[in-house]
Amino acid sequence: MKFGRYLEKQEEENEVYRGRYVDYRKLKTMLKMLAEVAGGTVAGNRHPVTSLTFTDNPTGGYSQSPSAYFEGRNITENDFFREVDGEISRVQAFVESTLGNLVERLNKLKGAIDAWEENGKEKGKAEKLATEATALGEEFLAVEKFVNVNYTALSKILKKHDKLLPATPCRQFYMSRVHHSDWISSNYSNIFVDLSRIHSKLRNDESGVENTDAKQDFVRTTRKYWVRAEDVSAVKHIVLQHLPVFQAWKGGDGMDAQLVNSVYLDNSRLELYHGRIDKRPGAIAVRFRWYGSSAPKTVFVERKTHRDSWTGEASVKERFTLDESQVVPFLIGQYGLDDHAEAMRNAGKKEEDIDNMRQLFSEVRQQIDSKQLGPTLRTQYMRTAFQIPFDATVRISLDTNLTMVSENCGYAGRVTDRWCRDPKVSVMRDEITHFPHAILEVKLSLKEGQDAPIWVQELLNSGMAFEVHKFSKFIHGCATLLPDLVQSVPYWMDDLSLRESILASAPEDPKLKSPPNEVKEAADIAPEISSAAIEHGNHNGGVLKSFYNAVVNKLPPSSTELTHPLLSEDPQTDLANTGGTYVPHGGRRRRGCCNIFGAGGPEKPLPRKVPMRVEPKTFFANERTFLSWLHMAVTIGSISSALVALASQSDADEASSRMIDIVALCLLPISIFFCVYAMYTFHWRAEKIRRREDGNYDDRRGPLVLAGTLAVALSAIMIMTMFQIRST
């Protein structure tokens, strides 16, 4: 469906917004008429300078050309621009009026909730108030859709203008101005915060007990999903009807999200990265995390440890806190366990909390020293958390505006005065990447036999969330920004929806960049952007997009066709649009014995890893398959051996004995072939399981070859038997 028809359909279906949309048809008609008389160009200013003593001829004069006759008057390109400005102003006024009315009704609803609480919380009244709150949320989503449709209409009509009248391109200027207009860039998340509190009061949510231990452990199951940007508000609205927005921070002007920064540690071999992507038992991730846009004061030192669930153990996240001034001494070994224990005592912590912290502190410090870990990657995003306070039974978080930046502070022994990137150091294009989707995490801490709430299942089946098994911000950031250090990459790197963001961070020359912790000269063509701008501008997502556009505009024409060394030639998935699952490229994967017959294709430069759990039953299943093939081989071999013995001891004539020998000789090689194939596929699958490689574990051609060979042999035996019977 063409966009013009889609816009008309929206007006037909939404009576409230009828006549309020951008007049796309009128603007399109004006453009076509101007393009006809202009012949693809528009004359520029006739004067290279201006004068304050003369102007253009009055309206109707011929100094403004070319002009087209439209709706009873002559129009020029300036009239088109004035019409666009008028449409923008009209839509903006309607949006601001509608949202103002919605906020006013929300305030009245908040007053009604207070009165309901004072009057004894009548159940029948609660249902009516909940319905009204849900309706307000749905109206807000309708306004957001109205804004998005009009934004798209303006983008398309301005793109058409630049195509039809290329002499005066205007799309980039107009869209930049529109994007920063109040009706586009204003943050109305406080509406969702208020609706969340209303639903929480109506549900009578009860807060849990806060965990104040210095060492905090989290044991839970986590599943991660991608959410398209246009579906973020809808997902929020569904969740807030069942869980309140959890605001652990103070202030924030009532907004629903908080800035989260995490600096991940690794070494020059990316040892932790490869351990996490391979899901090795005991693989760890160590990071420093702080919250808020201001300079960090309290830093959480967190360690995530992977454990295979079939062993009866669950993966766990542990953490303790440090003051910001203690982080560098901790990294270089000058701040020890005794120092931290004394600091905790001075802060009034209990001895029990100090004892709980000791083991984790010592282990993390030992791992930093033995593995020579140092700051490698920073992730930054706005997190909206939904949770009944201090009740971790069901916790949902939604991370938006995800940004990843490579760090350059040196490794363990070489860290000097900083543990995260200096804001004064410029961030180059290939040191930063912007993830295009929001990340939805569903974390459950359920008792044995307890099922997830029905509404959670309905949300995940709504078509707005697409599961990405074991997605990791740390793994994605390292694979995108450090392509010269990784030995394998995650399977989602080949997704079509990520391609543009990955290419935007591609190295600018064929030679891959040096490790991130070594000094690197800045490229002349790349603009600069400070970390402070990222931290304070990331909340609306505009900084990174403007940064990328500036980079592309400064590059020479031949350099705009960027390629990333880790991207495959063809995208393998489009999870965010199709919800499909990962399937490796058929011509590039190894298919067991197919390679013996020359059917295999070239291998990818780096293997794609699908994080998966390997349990003992997987190896046992491989053994059972091996034994099944051997059983068939032994059966055929036993028949052929019995026939040979029968022929040597039989009193039959020479022709019959020869026939029995032929049958046995036909079956015996097939039996040996079955044995060889069984051994080969057993070792092939065992190796793939051990390495946890991606792709299918079935061999689609080997069984066909074996079955075909057996069928040919049996057919030959049948034909020879028929000839023998006929001859006798």
Side-chain angles (χ1 to χ4, degrees), residues 1-12 17-97 146-185 546 549-550 552-553 557 560:
M1 180 185 298
K2 291 187 176 181
F3 182 78
R5 176 58 190 144
Y6 171 77
L7 194 59
E8 293 176 357
K9 186 177 180 182
Q10 291 297 312
E11 292 204 57
E12 294 172 0
Y17 300 104
R18 191 170 298 166
R20 303 290 186 176
Y21 288 91
V22 168
D23 197 340
Y24 184 81
R25 182 181 292 275
K26 179 179 180 181
L27 293 174
K28 186 177 179 180
T29 304
M30 291 179 70
L31 268 183
K32 287 183 176 179
M33 298 186 71
L34 288 171
E36 288 178 1
V37 298
T41 61
V42 172
N45 192 346
R46 293 178 294 111
H47 307 288
V49 295
T50 188
S51 172
L52 299 180
T53 59
F54 73 88
T55 61
D56 291 333
N57 294 348
T59 302
Y62 287 97
S63 66
Q64 301 182 35
S65 62
S67 63
Y69 192 75
F70 177 75
E71 293 185 349
R73 62 189 177 97
N74 287 324
I75 61 169
T76 65
E77 191 178 18
N78 289 333
D79 294 305
F80 172 79
F81 291 142
R82 281 192 287 268
E83 193 70 29
V84 171
D85 290 333
E87 292 296 312
I88 293 175
S89 299
R90 183 172 61 83
V91 172
Q92 179 174 349
F94 176 74
V95 170
E96 291 177 348
S97 173
F146 173 80
V147 169
N148 282 326
V149 170
N150 283 282
Y151 185 80
T152 304
L154 289 171
S155 177
K156 285 184 173 294
I157 200 66
L158 292 171
K159 182 179 180 180
K160 189 176 290 293
H161 169 275
D162 291 358
K163 179 181 178 181
L164 297 177
L165 303 173
T168 52
C170 65
R171 180 175 180 270
Q172 185 174 0
F173 163 76
Y174 261 107
M175 295 313 298
S176 177
R177 196 185 79 177
V178 170
H179 181 77
H180 291 90
S181 300
D182 290 341
W183 64 288
I184 293 291
S185 61
S546 301
N549 291 334
V552 174
N553 290 335
T560 57

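Both backbone and side-chain heavy atoms feed into the values below; hydrogens, waters and symmetry mates do not.
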Q) Which is it for Lys26 and Glu71 under the side chain to side chain contact (heavy atoms under 4.5 Å, CB included) test, yes or no, and what are the steps along the way? A) CA-CA 10 Å; Lys26 179 179 180 181; Glu71 293 185 349; 3.9 Å; yes
Mind listing the closest non-hydrogen atom pair of [X] and [Y] along with its distance?
X	Y	answer
Phe81	Cys170	CE2-SG, 3.6 Å
Arg90	Tyr21	NH2-O, 2.7 Å
Leu154	Val84	CD2-CG1, 4.5 Å
Met175	Leu158	SD-CD1, 3.7 Å
Met30	Glu83	SD-CG, 4.1 Å
Ala153	Val22	CB-CB, 4.4 Å

Does [X] reach the main-chain N or O of [Y] with its side chain, forming a donor-acceptor pair under 3.5 Å?
X	Y	result
Asn74	Ser67	no
Ser155	Thr152	no
Ser89	Asp85	yes
Arg171	Lys156	no

Q. Does a donor on one side chain sit under 3.5 Å from an acceptor on the other, for Thr168 and Glu77?
A.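 Their side chains do contain a donor-acceptor pair, which is all the 3.5 Å distance test asks for.
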Q: Check the side chains of Tyr17 and Asn150 for a donor-acceptor pair under 3.5 angstrom, ignoring hydrogens and angles.
A: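 There is no such pair between these side chains.
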**Q.** Lys28/Asp23 under salt bridge (charged side-chain N to carboxylate O under 4.0 Å, His left out): CA gap, chis, key distance, verdict
**A.** CA-CA 9 Å; Lys28 186 177 179 180; Asp23 197 340; over 6 Å; no
Q: Describe, in one word, how the ring planes of Phe80 and His161 are oriented to each other, choosing from parallel (under 30°), tilted (30 to 60°) and perpendicular (over 60°).
A: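 It falls in the parallel class, under 30°.
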Q: Look at atom CZ of Arg25 and say whether more than 12 heavy atoms of other residues, nucleotides or ligands are closer to it than 6.0 Å.
A: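 At most 12 heavy atoms, drawn from other residues, nucleotides or ligands, come within 6.0 Å of this atom.
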Q: For the pair Tyr6 and Lys2, evaluate side chain to side chain contact (heavy atoms under 4.5 Å, CB included) and give the outcome as yes or no after the intermediate values.
A: CA-CA 6 Å; Tyr6 171 77; Lys2 291 187 176 181; over 6 Å; no
Q | Identified side chain to side chain contact (heavy atoms under 4.5 Å, CB included) partner of Ile184 from the options Val178, Val91, Ile88 | A |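 Per the side chain to side chain contact (heavy atoms under 4.5 Å, CB included) rule, the option paired with Ile184 is Val178, out of Val178, Val91, Ile88.
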Q.
Working note: Ile75 + Tyr69, criterion side chain to side chain contact (heavy atoms under 4.5 Å, CB included); need CA distance, chi angles, decisive distance, verdict.
A. CA-CA 6 Å; Ile75 61 169; Tyr69 192 75; over 6 Å; no
Q) Are the side chains of His179 and Tyr151 in touch, meaning some heavy atoms are under 4.5 Å apart? A)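 Yes, at least one pair of side-chain atoms sits under 4.5 Å.
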Q.
Could you walk me through whether Arg5 and Glu8 satisfy the salt bridge (charged side-chain N to carboxylate O under 4.0 Å, His left out) test, starting with their C-alpha distance in whole Å, then the side-chain angles of each, then the deciding distance to 0.1 Å, before giving a yes or no?
A. CA-CA 5 Å; Arg5 176 58 190 144; Glu8 293 176 357; 3.4 Å; yes
Q: Carefully, step by step, assess Asp162 and Lys159 under the rule salt bridge (charged side-chain N to carboxylate O under 4.0 Å, His left out).
A: CA-CA 5 Å; Asp162 291 358; Lys159 182 179 180 180; over 6 Å; no
